[in-house]
Amino acid sequence: MTVDINTTYDVQAIRADFPILQRRIGSYPLIYLDNAATSQKPRQVIDALVHYYEFSNANVHRGLHTLAEEATEAYETARAKVARFIGAEPESLVFTRNTTEAINLVAYAWGLANLREGDVVVLSEMEHHSNIVPWQLVARLTGAKLHYVPFTSDGELDSDALEQTLRLEPKLVAITHVSNVLGTVNPVEEITRKAHEAGARVLVDGAQAVPHKPVDVRRIGCDFYAFSGHKMLAPTGIGALYARRELLEQMPPFMGGGSMIRKVTHASSTWADVPTKLEAGTPNIADAVALGAAVDYLQAVGMEAIQQHERQLTEEALRLLDGEEDIEIYGPRNASRRCGLVSFNFKHVHPHDAAQILDQRGIAIRAGHHCCQIIMRKLDVTATARASFYLYNTIEEVRTFWKALDDVRKVFGKHGGR
Amino acid sequence: MTVDINTTYDVQAIRADFPILQRRIGSYPLIYLDNAATSQKPRQVIDALVHYYEFSNANVHRGLHTLAEEATEAYETARAKVARFIGAEPESLVFTRNTTEAINLVAYAWGLANLREGDVVVLSEMEHHSNIVPWQLVARLTGAKLHYVPFTSDGELDSDALEQTLRLEPKLVAITHVSNVLGTVNPVEEITRKAHEAGARVLVDGAQAVPHKPVDVRRIGCDFYAFSGHKMLAPTGIGALYARRELLEQMPPFMGGGSMIRKVTHASSTWADVPTKLEAGTPNIADAVALGAAVDYLQAVGMEAIQQHERQLTEEALRLLDGEEDIEIYGPRNASRRCGLVSFNFKHVHPHDAAQILDQRGIAIRAGHHCCQIIMRKLDVTATARASFYLYNTIEEVRTFWKALDDVRKVFGKHGGR
Amino acid sequence: MVDDELYREIILEHYHHPRFKGALPDASMSAEGMNPLCGDEITLYLKTDGDRIVDVRFDGRGCSISQASASMLTEALRGLTLAEAKRLQERVKAMLTGAPHEPFDEDDDLNALEGVRQYPVRIKCALLAWTTLEELLEAT
Amino acid sequence: MVDDELYREIILEHYHHPRFKGALPDASMSAEGMNPLCGDEITLYLKTDGDRIVDVRFDGRGCSISQASASMLTEALRGLTLAEAKRLQERVKAMLTGAPHEPFDEDDDLNALEGVRQYPVRIKCALLAWTTLEELLEAT
Ligand SMILES: Cc1ncc(COP(=O)(O)O)c(C=O)c1O
Ligand SMILES: Cc1ncc(COP(=O)(O)O)c(C=O)c1O
């Protein structure tokens, strides 16, 4: 990898690190614009996996032999890297499978211990199902109540509504950093400050933020922050929860099992120190190590540079789509108010059909509810199409995507013929 | 891989598939006898990971584009393979991180919905912490009571005590198939029959069974069966829970999030079909695919052949250790009553010290409580040493291990000098 | 470039001009279906006279495949007995899932759905109306 | 072949002949420590006269490193004031964790523990007695 943030952004050098970008779909080169669903993986991350399994594979923490020491060292080094990447200390970082597990961990471990009948939990209407359903499950077990802050027609969080909801003295505000449908970047720093003033804990869903922009959990000030490795160049099966250390220490464990205990007796057990207390059983060691390698890669390119590059792609996509009268765009129009994705719909073609036809040109976009049925209902659609960008996408790819929309029109007619 | 179960077992051909076995520890070749903690990975499994990431990586289930279809196909094919490997239908197999998560899933989802104050859950005193602590956590939330079936001085489950405990009409019997300390193979078929007669559900912890012997969950008849991929040639981060389909269907979900829903509204949600209902968020797709490759590998060698090979290694280890008057062996003496591992202690040397000295000869064994503090207390030790075997270990390795015990004696004296 | 196998003319025609679309206020029975993967929704209305289906309508939103399939269903069901409807439903399901079935005539609109079989993700779209019908018939 | 760096003679000597091992029924204070990774246990007993430690014992089970370290502790603590004991505990901890510290004399038994530093997993063994002491002193 030869990228240097001090020179120009060398997207071709980056692309050369991603073997899958050589792939063809039928006779077309792959244009992968489904990065909000999952990202592709550079050679360096794949190599980290292979090296781990060919050289140091062992179970961690409990072994005295050389491989076990090396595996433990690699695993804990990865934890320190990932923690540093978001401005946290290693003891505050729990490895999970993904964002979803991180949020469920908080819902079960912190939620069951801290929520009581009638307590208020504040969500927003732009949350991913992963930041809704865990709270519904825990609300059913505890009797807590959920309140949803709406978003405006611009796709921005309704800040007046938020302030009103905070008067209910919620126990928790759980909010996404970046919406995976609208692209909106929420002002999580300000939301955290207000929520803290109202006495609430704050959980931020960072699944769409950490891969795409610099994130510093200390600056945000939130209590919990969740994200997924697979959306940031790392393998599937690894993610993380940051939590303020004193909360981690006070929380009862989530899952029980090996590693997370201090002493087990017939009747009860005591717990290991944080973060191990929250990591029951054999962890996903290799994928954690590879997440460390992904963080190295992202840092070498530079998160500012990545954000800047994606903004250019997003601006171009917004500009091109905005000129089409048969297309509706969702979310903020100003690229500086959003992250690198654009949701849209043909007025007369279902997004499934659009996605299918683009696939025949090698262009991978996503069509569906994007795990955000509440947003869909508000937009009064059942699904949207979404093109989402990452560090290896090019302006030419964005233009090819835009041109391919004409193929959709060829099948369905300029106005869908309906 | 050129192994054919109809000819002799070609351990050298198998070894050639495992890159890590080329490794040297200092000047000694690695002798890896820590397989009960985690297994090594063959080239074929590592290649499956690399191929997935270089060729078909995408998020599953929700995508219309080619990569998403390929990823979904690969993931569901792996599910079908793994299910067939243990005699189950794909709809009954939920992917989890490991055995620990599989058991916690049952404890939270089935346990919170089905256990009430005073209900009895039966465990054994030879359980791994992963099959104890989840029940302690759920007992605390529900008021259920735990009863432990003891084991005899031979390391066998006390079947009279089990029958007595069943008179308490337990709701659940949760028992390990193979003990990771004693090596004991429990008669899970018979236990399940008796427990069902008593009206209990049965969960079997198969972490040490599935990697080492043929397992058929239909023949066992149990309601739940849990195991880990990383102990059976697959990557870390993937495991599985088998559950009888009607139980899966009746159970509320465990974690909430993407994929596992049908319809989400502000107030509540409905669930997807099994097994997706139990798999919230982006699954560990690549490692599931690689677990499929591991199952292919094990089946090509043949589980009967592997079991037979390990029995020879275990018999040799028992024979050699049994001749040493300064060594105590734990668990059944008859190799046909156990799986491929031997726990032991020097009468006068702590197992940590023994393991450390063996490591200096390139021999990796484990020393500690093996996540079984209740067994340790019954054996009146704080830790044991454990040598555990797998398909790639050789009789020569077992003998080298045994000879290296003399190095321990050289440092600590024949009788520990104490 | 354009996928003729999937987007056959007859499918696009049904999509652009769906037959019998809209609510049926005096329906004898109705059922709602949903494809949780994509959010497509459908409501199916049947009006029966004794054992015979005298009116069928569908409502809802979805892709061309799910809408065309629903439109074809409303046309095909009209005038059948409930038992015949059940047999037709089983036949379409078998065609879409690759199970043995009596093939449809070349010029039967339903025959156009066979192309969907090559698109695993879209099979669920084509099936939506028919699984909703299955549930509705089971409920009677 | 045999690791002289870890298993120095003085460590083995303390392990084989632990000083002041066993319960101390008239202890002024005691604390239990445990290494959750391996199950090693230790109980530490101190008897003080005013501010001064007049008797120290340890009991428990563990590997050569944890036992030798505990034995050295009992010898080293004898006769110190509680404040001196605290300083010694910090100095040993610093040595074992690689923090800056005043080195021990070549012929001080505690100096033999320095070799443990190269064995990350064993550091916890060597620390066990000293972290138990830390907790005990904090509780006063
Ligand atoms: C019998 C038994 N049960 C459960 C486990 C836990 O497995 P995992 O750590 O993969 O969840 C193990 C392995 O450590 C085991 O040996
Ligand atoms: C905003 C947001 N939150 C949560 C998730 C869930 O992530 P995962 O499936 O990795 O748990 C996603 C991605 O799908 C997302 O975009």
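Letters A, B, ... mirror the listed sequences (proteins, then strands); counts begin at 1. Just so it is clear, the model here is predicted, and its values are computed rather than measured.
Not a single donor-acceptor pair under 3.5 Å links the side chain of B:Asn98 to the backbone N or O of A:Gly281. Here the side chain of A:Tyr53 pairs no donor or acceptor atom with the backbone of B:Pro235 at under 3.5 angstrom. Between the side chain of A:Asn104 and the backbone N or O of B:Gly256, at least one donor-acceptor pair lies under 3.5 Å. In this structure a side-chain-to-backbone donor-acceptor pair under 3.5 Å is missing from A:Glu54 to B:Pro19.
Taking the side chain as every heavy atom from C-beta outward, A:Ser269 and B:His129 never approach each other to under 4.5 Å. With contacts defined as side-chain heavy-atom distances shorter than 4.5 Å, the pair A:Asp359/B:Leu64 does not qualify. The closest side-chain heavy-atom distance from A:Arg377 to B:Thr265 is below 4.5 Å. The shortest side-chain heavy-atom distance between B:Leu30 and A:Leu67 falls under the 4.5 Å cut-off. At a threshold of 4.5 Å between non-hydrogen side-chain atoms, the residues B:Ile261 and A:Gln373 count as touching. Contact annotation: the side chain of A:Tyr32 approaches that of B:His65 to within less than 4.5 Å [non-hydrogen atoms, C-beta and beyond].
With respect to B:Thr236, the side-chain hydrogen bond (donor to acceptor under 3.5 Å, both in side chains) criterion is satisfied by exactly one of A:Asn57, A:Asn59, A:Asn284: A:Asn284.
By the side-chain contact (heavy atoms from CB on, under 4.5 Å) test, A:Arg262 is found to be paired with A:Thr270, A:Asp273, D:Pro36, residues two or more places apart in sequence or in another chain being considered. Scanning for side-chain contact (heavy atoms from CB on, under 4.5 Å) contacts around A:Thr99 gives A:Ile103, A:Asp205, A:Ala207, A:Ala226, A:Ser228, with sequence neighbours left out.
Per-residue counts of heavy-atom pairs under 4.5 Å with chain A were compared for B:Ile25, B:Thr38, B:Asn131; the largest is that of B:Thr38. By number of non-hydrogen pairs under 4.5 angstrom with chain A, the leading residue of B:Ala355, B:Ala367, B:Pro134 is B:Pro134. Interface check for chain A: of the options B:Thr66, B:Val45, B:Ile132, the most heavy-atom pairs under 4.5 Å are formed by B:Thr66.
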Between B:Tyr52 and A:Ile20, is a side-chain contact (heavy atoms from CB on, under 4.5 Å) present by the stated rule, with each step listed?
CA-CA 9 Å; B:Tyr52 175 81; A:Ile20 207 171; over 6 Å; no

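The distance between the ring centers of A:Phe254 and B:Tyr108 falls below 6.0 angstrom.
In this structure, chain B has no heavy atom under 4.5 Å from any part of A:Ile238.
Ion pairing between a basic and an acidic side chain is recognised when a charged N comes within 4.0 Å of a carboxylate O; B:Arg97 and A:Glu101 show such pairing.
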